[in-house]
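First the structure, which I've put down as structure tokens, then a few questions once you've had a look.
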Amino acid sequence: MCGIFGCLGADAAAGVLNGLRKLEYRGYDSAGLAAIFPEHEGPIETERTTGYVADLVSKANGRFDGAEISIGHTRWATHGGVTDSNAHPHSSNDGKITIVHNGIIENAQELLERVENLGYDVQSETDSELIVHLLDHELNTQPVGRTPLEAFKSTISLLKGSWAVAVIMTGMDGILIARKGAPLVLGRGSGSGTCSYQGNCSHLCVSSDVQPFYGSCSEVAYLDDDDIFYISKNGIEGLEDSPIPEFEVLEGVYEEGDSGIFPHMMLKEIHDQPIALTNVLGGRISADGTRAELGGFKLSPKQMRGLDRINLVACGTAYYAALVGANYIRQLTELTVEAFRASEFPASDVCGPNTLTIAISQSGETKDTLDALQEARKNGSEISSFCNVIGSTIARMTGNGAYLYAGAEFAVASTKAFTNMTAALLLLALTISEIPDKQRKKIVREIRSLPAMVSRQLIEEDGSMESAIEILDGAKSAIFIGRGISAPLVLEGALKMMEVAYLPCLAYPGGELKHGPIALIEEGTPVIAVAPHDSTLPLMESSIRECRTRGAKIILITDHEGPITQFADVIIQTQATGTIVSPMVNVVPLQLLAYHLADQKGLNVDRPRNLAKSVTVV
Ligand code: BG6
């Protein structure tokens, strides 16, 4: 997934560099921009570099000041290595047409042969560059009187796959834009800029998401799939069949990715969890504190109880939250429920008129999850979603569900969004459930005490974390084990360790280890065991013994102080929770283990290699 940004107005290039900085979580392999100055004639000025937007800013070194039309890109490489020549923007051979693209062109091979047969000199390994040559050809061979927008439309009609594209051209005082399967939004801002745009706005921008608009734009318009427009001083121009998108007031505020007193955004976001939990619970627990009331869904709790099944679809960390959530719905209702990796969702087998498919996504933009939802809808399922980003594509597509209110999450490795997803899924299970009042009140009491419990967990400082890091630092791999509600949780623990500390990890239900993976244990192999004081504790004790017997170093995460502790090399004491909410407390030491090991290794904790905050390509 990449981030694209374009701007029309005074100092457009500065607007683009600022926009790219706020889109960098979408990909940080390379960055680039292009700009057109007033009265511009020759090839378009461009600059690009591997690395971060900050590297681009220093390389640009003010060369683009004064430009009034500019587009830019921050890349997460899919086609072609991380090189300067594969960085966007890509220009036509004469340099007079320049494009940026987010998405994947699936018929790239066929199009490559086409542009090479047309005699174009292809400079990069990317699928994106092909678009500029195809457009150049369309423009040079088009019948008299056809506009660049029409030539752009026929260029787009040659593509298969997903795209959000922005194009600038010498002699054209606007930006051509198109989207299909990758997000694109317009923003406009009022103010006293020199040039005025539609609605007396000082500038008009296009972006992969609304984040960069906060603080500079006051209105936003969302583009839909297959939209193709030309934006300029005169506003938004479409072709006969496409309705012009409506601007609406931009809600929300931009939370600057400022880690404050913390050295990294990831650590700051781990410490945000008590507040985040308070926000997701806010207004969703009845005034008398006895019931959970999660509103916002199209189906009522009664209708949900009558469903044949509920499917949860998600990717990455959100998938592990879905696994914990499925456990909650199974425990508290009679419903058939299953969590699926969105990229492996068997929609035709598990969807139908009396089913509900709920997407779970922090960004609300993950393509695999979006596609799973579309398949669910195609197969007759009702659809809903849990999203953190307000106004995201998944939230707008489902039109019902609940926001997670975790606040903006900047670190690529998701932390507070996981905890809020899990809490929201427990609220949903309780809202649907018909369990006896006594049991319900007990669970609601536990949920309400979560923010305080997590706060206490965060201030735990007994040196156990350092001792655990000593065991992990230098290890070749690690194994995570848990049972019951902790079995899906340790999958999230292992993911965090792999995402930020690059330590190969396996996560297994404690009882399953002896049926194979235990073969990996040798003297000193770290085994991280999550063993809350619930019905699985005695079973976890035997799993830990089996590992210890083969020389494993046991890092035990538990609220129990009994016999199980004697088998541990390090004990990370957790807050005593009841059973059902333990994942939202026990995830904290798992997040901190990954964070501290990555920090100890001097790795880029917030921008791990090869990752992006959410991936809008398949
Ligand atoms: C990956 C992120 O790209 O997408 C993970 O690196 C995230 O942190 C996953 O869990 C799913 O993203 P989302 O936004 O759909 O929850």
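Residues: numbered from 1 along the sequence shown. Start at 1 and go down the list; that is how both ligands and their atoms are numbered. Note that the coordinates shown come from a computational prediction; the quantities given were computed from them, not determined experimentally.
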Give the atom numbers and elements of ligand 1 that come within less than 4.0 Å of a heavy atom of Cys315. 9 (C), 10 (O), 11 (C)

Can we say Lys180 and Asp225 salt-bridge, meaning some charged N sits less than 4.0 Å from an Asp/Glu carboxylate O? no

As an exercise, identify every atom of ligand 1 less than 4.0 angstrom from a heavy atom of Ser614.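 Those qualifying, in numeric order: 3 (O), 14 (O).
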
For atom 12 (O) of ligand 1, the option (of Val412, Thr366, Leu611) bearing the nearest heavy atom: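 Among Val412, Thr366, Leu611, the closest heavy atom to atom 12 (O) of ligand 1 belongs to Thr366.
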
Those atoms of ligand 1 less than 4.0 Å from some heavy atom in Gln362: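 Answer, ordered by atom number: 13 (P), 14 (O), 15 (O), 16 (O).
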
Between Glu499 and ligand 1, which part of the residue brings a heavy atom under 4.0 Å of the ligand: side chain, backbone, both or neither? side chain

Over 60° means perpendicular and under 30° means parallel, so classify the ring planes of Phe345 and Phe340, tilted if in between.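 Perpendicular, since the angle between the ring planes exceeds 60°.
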
Tyr319/Phe418 aromatic ring centres below 6.0 Å: no

List ligand 1 atoms under 4.0 Å from Thr317, heavy atoms only on the residue side.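 Taking each heavy atom of Thr317 in turn, ligand 1 has 10 (O) under 4.0 Å.
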
Per the side-chain contact (heavy atoms from CB on, under 4.5 Å) rule, which among Leu592, Asp599, Val605 passes with Leu267? Leu592

Do the rings of Tyr52 and Tyr28 sit parallel, tilted or perpendicular, given the 30° and 60° boundaries?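 Geometry flag for Tyr28 against Tyr52: parallel rings.
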
Among Ser414, Ala411, Ser363, Ala612, the residue with a heavy atom nearest to atom 14 (O) of ligand 1 is Ser363

Nearest to atom 4 (O) of ligand 1, what protein heavy atom do you find, and at what distance?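 Looking at atom 4 (O) of ligand 1, the protein heavy atom closest to it is Lys613 O, 3.7 Å.
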
What is the minimum heavy-atom distance between Phe410 and Ala408, and which atoms define it? CE1-CB, 3.6 Å

